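Fair warning: this is a prediction, and the values are worked out from it, not measured in the lab. To find a chain, count down the sequence lines: A is the first, B the second, and so on, and within it residues start at 1.
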2 protein chains.
Amino acid sequence: MLRLSKRVEYGLMALQYLAKSGNVATAREISDAGHIPYELLAKVMQSLKHEGIIDSYQGVRGGYAMLVAPAQINLARVMKALDEDATVTECISPGSVHEQCTLYANCTIKEPMQKLQTRMEESFGKMTIAELL
Amino acid sequence: MLRLSKRVEYGLMALQYLAKSGNVATAREISDAGHIPYELLAKVMQSLKHEGIIDSYQGVRGGYAMLVAPAQINLARVMKALDEDATVTECISPGSVHEQCTLYANCTIKEPMQKLQTRMEESFGKMTIAELL
DNA sequence: CAAAGTAGGACTGATTTGATCGTATTTTAT
DNA sequence: ATAAAATACGATCAAATCAGTCCTACTTTG
């Protein structure tokens, strides 16, 4: 299917929102503005925080804010934070136990797939949050 | 998840096989050589035929053969044949009824996603079956 | 006319994803 | 102090997707 997950979509919308507003915004505020399910967005924000893209403030008057300049955050990093696995084939997957792919020993397309992976990462590496503004 | 489907993987392996052999091969032969589930491969071959990438011959001594030069077949075309939908977001999907995406009216990332789609299609458009040989 | 193929519909099980719920923790304001 | 507003996060449920399999038909060569 090759589709971005909703987590990534929501994450991009949220980052765009934060980048535009320029200061702290709550998950509820972003959820309302973008018609995004609140509970899911909340998790997305936590993941973005763990990746070090945004910062969080707990308690009343809390919320989230950008921690890195929009132009410095590329899509690859957002996807890494939100979409555990962004590899075109199983055998390329980072912590992949090759034996998991039953075809590995007989696979005839490993090298080209690695090349494809590299090209896609370039595509996702080139686009930044700044391009969403 | 952003992973190529097994259908596409199998299709690429099969096309590579056909391109290398240079003549007619049966689905069973390709399935055995690549340790690919026969039934699934058979469907993949049918899809590739409908797309006009390969030709089929029924009956005894039948099988499949390349119909287009390997260098003329890019990954985008193979994916189109095998992976109904290869769009990064729902709203970009070819026959998409925009109303299907509940966010469409409020979506703030439509244009950038379209740009991303174009870039990815370029990636998939550049790689051909000739690169698998 | 039998065997070896392709053609293709229908079904099942597994995996993944989206969404929701419940509860704990932190912090500000009163 | 304490109530309210917010993040933190684990657990669970439902829906969609996909891989794989089964079954039956049709086609062609020998």
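One atom, CZ of B/R7, and another, P of D/dG20, lie 12 Å apart when rounded to the nearest Å. Between B/Y10 atom OH and D/dA19 atom C1' there is a gap of 7 Å when expressed in whole angstrom units. In this structure, A/L82 atom CG and C/dT16 atom C1' are separated by 16 Å, rounded to whole Å. When rounded to the nearest whole Å, the span between CZ of A/R3 and C1' of C/dT17 equals 13 Å. Atom P of nucleotide D/dA6 and atom CD of A/Q46 are separated by 15 Å, given to the nearest angstrom. One interatomic measurement links the two molecules: CD1 of B/I30 to P of C/dA4, which rounds to 19 Å at whole-angstrom precision. In this structure, A/L41 atom CG and D/dT7 atom C1' are separated by 12 Å, rounded to whole Å. Taking atom CD on B/E39 and atom C1' on C/dG5, their separation rounds to 13 Å, with Å as the unit.
Phosphate proximity of D/dA5 to A/T26: absent, as no side-chain N or O sits under 4.0 Å from OP1 or OP2. OP1 or OP2 of D/dA5 has not a single side-chain nitrogen or oxygen of A/Y38 nearer than 4.0 Å. Taking only side-chain nitrogens and oxygens, B/K49 never comes nearer than 4.0 Å to OP1 or OP2 of C/dT6. For A/S56 and D/dA6, the shortest distance from a side-chain N or O to OP1 or OP2 is not below 4.0 Å. Within the 4.0 Å cut-off from OP1 or OP2 of C/dA7, not a single side-chain nitrogen or oxygen of B/H50 is found.
Closest to the side chain of A/L40, out of C/dA19, D/dG20, D/dC9, is C/dA19.
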Salt bridge (charged side-chain N to carboxylate O under 4.0 Å, His left out) between A/K126 and B/E122, worked out: CA-CA 14 Å; A/K126 277 180 197 153; B/E122 280 169 15; over 6 Å; no
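A/T26 contributes no side-chain N or O that, together with a main-chain N or O of A/G63, makes up a donor-acceptor pair within less than 3.5 Å. B/R3 places no side-chain N or O within 3.5 Å of a backbone atom of A/D85 that could act as its donor or acceptor partner. At distances below 3.5 Å, not a single donor-acceptor pair connects side-chain atoms of A/Q72 with backbone N or O atoms of A/I129. Although no hydrogens or angles enter the test, the distance criterion places a donor-acceptor pair under 3.5 Å between the side chain of A/Q16 and the main chain of B/T108. In this structure, the side chain of A/Q117 engages the main chain of A/A86 through a donor-acceptor pair within 3.5 Å.
B/K43 comes within 4.0 angstrom of a base, heavy atoms only. Here B/A27 lies in heavy-atom contact (under 4.0 Å) with sugar-phosphate atoms only.
Nearest-nucleotide mapping onto DNA chain D: of A/M1 and A/Y64, the residue sitting toward the 5' end is A/Y64.
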In 5'-to-3' order, the base (B), backbone-only (S) or no-contact (-) status of each nucleotide in nucleotides 25-30 of chain D, using a 4.0 angstrom heavy-atom cut-off, is --BBB-
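A/A42 and A/Y64 get closest at one heavy-atom pair: O-OH, 4.2 Å.
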